[in-house]
Amino acid sequence: MRREPPPRDLPSTSRARVAASILDADLGNLAHAVKRVEKEGTDRIHIDVMDGHFVPNHTFGAKTIAALRRRTRLPFDAHLMVSNPAKHIEEYLDAGCDSVTIHVEIGEPIEPTLRAIRAAGRAAGLCVKPKTPLSALEPYRQLIDIVMVMTVEPGFGGQSFMADVARAKLLSAREYLSHKLHGGEVHVDGGVNRDTAELVGALGVDVLVVGSALWAKGRDMAREIRLIRAIADEGYQFGLNNGVPPIPRDRMVTFASLQRPQARTLREEVEAAGIPVLLFRSREDPPEMDDEVRRWDVLVPASAEAAAVERFAERKAALRSVAGPSASSDSSGPSASSGSDASTAQA
Ligand code: DX5
Ligand code: ZN
């Protein structure tokens, strides 16, 4: 029997994410470019907006982004290299950007724009040019979900990676996201390719923006994306994580097994702290058992498990003690099981 070939990439098995910049694509056929990067396995699309004022170059605006939005299901990270983002921020949000990152060096007030992005439920980012110190982010700590570090001067694709800037800033960038238990991201933008991915991986980067390395003539784009992701993960494992493989970003682990009302209460409280939660029928109880009596697994991302244990272990124990007889034994210690089973319905 003929089988479909396996997908060319398996993003859930890696930690590093690749955001394909379409700056160096064929600008006369951007619809094709976004469909292509999706097919070739990128995790998201990085869209460089330039106003000819903040940087000496012009690219696309919100209308182009809105038109591209209909062509792909991938998340859009907008990188606004513009002097006055406030003026058009609603247009970028309406265009369907999943995250919007602005520059900290602009002359106008930054806070209202960050607030507008967050009010729309999107991730808000701040970007620093190579010569800007990270301390410029200090006043905005509580308002950002993304710290983007430029390792080239903004304005053009295809420039050389500034390793010194990466070494000086990438690890420290994480400190500005320390208020986020889950979901904060450090992005690196400029000169990222298979030769520089190991270093940035070893500096803990979450999202690698890759432009010209993907569009070089004759290059196998899918392979390049896979390689860059894998090399960044290697860098992380051996440069930062004592040889321990990184936790794949999408892996979920069972944090607690409780009867449904208590499981729902715990879900609400954990989610309020910024950690996403899934509820599934526990496989510890027989499938025919009544939903109101059986246990439900409370799953959290493996990468946020330590934070969940630290903040909610006592609460979990308290909720277990109010449960009925079937939930009295909680088999789930940390990392009791992983993965969600599509055959079990969510609560
Ligand atoms: C430069 C842009 C980058 C650019 C990166 O101002 O912000 O996103 O596309 O391109 P490469 O990967 O070629 O440096
Ligand atoms: Zn960019």
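Counting starts at 1 for both ligands and their atoms, in listed order. Heads up: numbering here begins at 1 and tracks the sequence.
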Salt bridge flag under 4.0 Å for residues [X] and [Y]:
| X | Y | value |
| --- | --- | --- |
| R315 | E268 | no |
| R122 | D98 | no |
| K180 | D145 | yes |

To check your reading of the model: name the closest protein heavy atom to [atom], its residue, and the distance in Å.
| atom | result |
| --- | --- |
| atom 3 (C) of ligand 1 | D189 OD1, 2.9 Å |
| atom 10 (O) of ligand 1 | G157 CA, 3.6 Å |
| atom 12 (O) of ligand 1 | G211 N, 2.9 Å |
| atom 2 (C) of ligand 1 | D48 OD1, 3.4 Å |
| atom 14 (O) of ligand 1 | G191 N, 2.7 Å |
| atom 6 (O) of ligand 1 | G155 N, 2.7 Å |
| atom 9 (O) of ligand 1 | S21 OG, 2.7 Å |
| atom 13 (O) of ligand 1 | S212 OG, 2.5 Å |

Find out whether [X] and [Y] are in side-chain contact, i.e. whether some heavy atom of one side chain is under 4.5 Å from a heavy atom of the other.
| X | Y | result |
| --- | --- | --- |
| D297 | F255 | no |
| P248 | S14 | no |
| L80 | T101 | no |

So for atom [atom1], which belongs to [X], do other residues, nucleotides or ligands contribute more than 12 heavy atoms lying within a distance under 6.0 Å?
| X | atom1 | answer |
| --- | --- | --- |
| D290 | CG | yes |
| E314 | CD | no |
| H179 | NE2 | yes |

Original post:
Any heavy atom of F156 sitting closer than 4.0 Å to ligand 1?
Top reply: yes

Subject >> Residues D48, S21; criterion side-chain hydrogen bond (donor to acceptor under 3.5 Å, both in side chains); working and verdict >> reply: CA-CA 7 Å; D48 290 302; S21 163; 2.9 Å; yes

Original post:
Under the ring pair (Phe, Tyr, Trp, His ring centres under 6.0 Å) rule, what pairs show up with a residue in residues 65-89, not counting sequence neighbours?
Top reply: H46-H79, H79-H103

Of all the atoms in ligand 1, which lie at a distance below 4.0 Å from a heavy atom belonging to [X]?
| X | value |
| --- | --- |
| H79 | 7 (O) |
| H46 | 8 (O) |
| L23 | 4 (C), 9 (O) |
| P154 | 6 (O) |
| G190 | 14 (O) |
| M150 | 7 (O) |
| V209 | 8 (O) |

Original post:
Can you list the protein N, O or S atoms less than 2.8 Å from the Zn ion (ligand 2)?
Top reply: H46 NE2, D48 OD1, H79 ND1, D189 OD2

Donor-acceptor contacts under 3.5 Å from residues 195-208 side chains, at least two apart:
{"unit_1": "T196", "atom_1": "OG1", "unit_2": "G191", "atom_2": "O", "d": "3.0"}
{"unit_1": "T196", "atom_1": "OG1", "unit_2": "N193", "atom_2": "N", "d": "2.9"}
{"unit_1": "T196", "atom_1": "OG1", "unit_2": "N193", "atom_2": "O", "d": "3.4"}
{"unit_1": "T196", "atom_1": "OG1", "unit_2": "N193", "atom_2": "OD1", "d": "3.3"}
{"unit_1": "D206", "atom_1": "OD1", "unit_2": "R15", "atom_2": "NH2", "d": "3.1"}
{"unit_1": "D206", "atom_1": "OD1", "unit_2": "R174", "atom_2": "NH2", "d": "3.3"}
{"unit_1": "D206", "atom_1": "OD1", "unit_2": "R249", "atom_2": "NH2", "d": "3.2"}
{"unit_1": "D206", "atom_1": "OD2", "unit_2": "R174", "atom_2": "NH2", "d": "2.5"}
{"unit_1": "D206", "atom_1": "OD2", "unit_2": "V186", "atom_2": "N", "d": "2.8"}

Extract all donor-acceptor atom pairs below 3.5 Å that involve side chains of residues 159-166 and protein atoms in other chains or at least two apart in sequence.
{"unit_1": "Q159", "atom_1": "NE2", "unit_2": "E153", "atom_2": "O", "d": "2.7"}
{"unit_1": "Q159", "atom_1": "NE2", "unit_2": "F156", "atom_2": "O", "d": "2.9"}

Subject >> Distance in Å, R267 CZ paired with L279 CG, rounded so as to fall on 0.5 Å steps >> reply: 4.0 Å

Subject >> From the candidates A216, S160, G158, the one that places a heavy atom nearest atom 11 (P) of ligand 1 >> reply: G158

